[in-house]
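Indexing begins at 1, ligand by ligand and atom by atom, following the structure's order. The analysis underlying the following values was restricted to heavy atoms, covering all of them including side chains, and did not include hydrogens, waters or symmetry mates.
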Amino acid sequence: MTQQIQSASDEAVRERVESLLAEMTVAEKAGQLTQYFYMGFMRDQAKDGAPSQPEMVEAAMTRSGVGSLLFLMDPAEINRLQRMTIEGNRLGIPALVGFDVIHGFRTVLPVPLAMAASWDPAVIEQGQAVAGREARAVGIHWAFSPMVDIARDPRWGRIIEGAGEDPYLGGKVAAAQVRGFQGSDLSSPDNVIAGPKHFAGYGAALGGRDYDESNISDAELWNIYFPPFKAAIDAGAANIMSAYMDLNGVPAAGNRWLLTEVLRDSLGFEGFVVSDAQAVHDLFTHHFAADLADAGARALNAGNDMEMTFVDPAFDHLVAAVEDGRVSIETLDTSVRRVLTAKVRLGLFENPYVDEARAAEVLVDPAHRQVAKTAAQRSAVLLRNEGELLPLAADELSSVAVIGPLADSPRDTLGPWIFDYDLAETVTILDGIKARAGEGIDVQYAPGIRPAFRTFPSMFDAWPNNTPEDPADFDDDAELAKAVELARASDVAVLVAGEWQNMIGEGASRSSLELPGRQLELIQAVVATGTPVVLLVMNGRPLDLRWPAENVPAILDIWYPGSQGGKAVAALLFGDDSPGGKLPFTWPRTGGQVPIIYNYTRSHKPNDQWRRDWDEESTPLYAFGHGLSYGSFSYSAPTLSSESIAVGETLTVSVTVTNEGSRAADEVVQLYIHQRYGTSSRPVRELKGFQRVPVEAGASATVEFTLGPDELSYWSAVTRDWVQDATTFDLGVGGDSTVALSTQFTVTA
Ligand code: BGC
């Protein structure tokens, strides 16, 4: 029955799309494939009598229609432009409104890398459901999110937008985000289209420099970079964004192998592909296309359905390209069908406008703030806790020193890639600690140092509050001395250090991983007082923490924790809840170790009796999957349903985890495998299962995993296809990626 309703509605969508298509001119079709930024603030910036950017977009609306608009967030403005769009084109086709809903809209969630560190698909799904609900309420139909690019080089600032280094974790996080955004029905007033991006390989930019070329072997593409996209597609993602850069010598936006053979034929994607901003124009810049017309034709022929642009779309030349035969009408129609299908599925023809009063209510929903707080709590990672300094015992403390400029910076608490935030409601770390400590504990604050600044400006500087303020009359030596004195006079010092939010994200690659500014000096001076120090790290990439890792007893990675960050962090500091997040990447000791990953392939001298680097340990500072809690976990040996299975069969692994500690806590139980030999060489270990489980003090939980063809197959550069070998596997289950792989099973032919 359900099946029939489903196919009937699919049929209705198809009929609607075909009847529109039959009415459309070639120019109108090209219009539907164009997505414009609408930069309202540039209206006054027109030069020499030429129309301004928004005027150009408005002219396009009445010329042949526009497919989509982006970078709008005010519901009244969206309604106004939607009306202009609908009334501007003969067939009344509404615009898709897209926006970078990356980690929340008005309610700001922890940054995506932090969400991944929760290893909690349920909380990730809830978070993006809140973000999608707020976005749709103001009239946004489509989130340019999740970013599912695997990132193994933290110099690349966009590592913060993804789920880290691992394809398995990345796949689970990607799918949860798509489910959160899209729900089960795109026409619901609470759901938006998800647009996983940037297909593909953007995270492997040469030297970690944003937008630079990526050179990735086919085996790495299939085994590492594509799987999160596959997971997102399987979860129903209705859009994909292609990438900016050159992948193995061909720009992604004009790469037919990538956008058609891989994306459609192998990964089964049926939705529409949008380019990244100006990326179709860039085909020309890349020295790939001869001119804009060539760029447009080649992008469309490659499988890039829609062009994202500020002005002067390359896709305006599609009309000529159809006339001169460079683009077939069938190719054009296929792309237009995909875009119209999205509009019909969203119910835009029936409900193109939003209720502004409802939008105002949705944006202040207290339930959304609660989701953000829970997410911030669950994403924090306890990196070190010597002598169980944490949790702080509120009844034994009379004073707390809160130190560091990031501790009291609402804008930095939120992190990058947000636009509709409310600084007034943002709970900073200082606010949160003050509120939680209550009357009995004296909480005093000292910045200690001035903020650190980027050497070169950021592409987001046009937005308000992007750069930290340099405080007037700031006496550096006196302020440092004040902070040190405050720490000396307090029972405990909570020091917040990391990167300012404008130092990470798009266009924020970095050549070093050091703590910027005088932060290390501040940490060292505060530690020297002898007062116990808790270091809270505010970051979106691993930083050089070699000194703190040896000298600061407690280190909690709080990332950029979002609107409710301060509340969440205070609850963790005082033990109302236990940290339980785990690192979604390998934490290097120093920038020179980059890239360093846990699932590398063994080679010459695998036992490392000679250190690879003569000036540094070969190991990371913290392993992938590392994270402590206020519990203390022991693991039983894994039991297998069978020690031998045939290719194609499945076995189950079960393990009992016991909390030997005196506090309830979550553990992320992680399963790793290693294939001993096969058609190709295989990594030393690979994550193939995880589950975050709450365990009361003294209690146990049993966790079960399944291993079958999905987990045991891989893409081999020898057969140039997926294989599952008959071979022996080692397996281990534990709390991080250093667990011993002491159990074996075999797979027979
Ligand atoms: C980014 C995309 C983003 C787009 C629209 C680009 O510069 O690479 O991730 O969605 O801008 O803002």
>> Can you pull out every side chain to side chain donor-acceptor pair (under 3.5 Å) where at least one residue sits in residues 261-271? Sequence neighbours excluded, please.
In response: R264-D305

> Got a sec, which pairs hit side chain to side chain donor-acceptor pair (under 3.5 Å) with one end in residues 248-257, sequence neighbours left out?
Replying inline: none

> For R133, what residues pass the salt bridge (charged side-chain N to carboxylate O under 4.0 Å, His left out) criterion, not counting sequence neighbours?
Replying inline: D190, D365

Is the ring centre of [X] less than 6.0 Å from the ring centre of [Y]?
X    : Y    : answer
F419 : W463 : yes
F71  : F99  : yes
W119 : F624 : yes

Atom pairs and distances, ligand 1 N/O vs protein N/O under 3.5 Å:
unit_1	atom_1	unit_2	atom_2	d
ligand 1	7 (O)	Y244	OH	2.6
ligand 1	7 (O)	E506	OE1	3.0
ligand 1	7 (O)	E506	OE2	2.7
ligand 1	8 (O)	R158	NH1	2.6
ligand 1	8 (O)	D276	OD1	3.4
ligand 1	8 (O)	D276	OD2	2.6
ligand 1	9 (O)	R158	NH2	2.8
ligand 1	9 (O)	K197	NZ	2.8
ligand 1	9 (O)	H198	NE2	2.7
ligand 1	10 (O)	D100	OD1	2.6
ligand 1	10 (O)	K197	NZ	3.0
ligand 1	12 (O)	D100	OD2	2.4

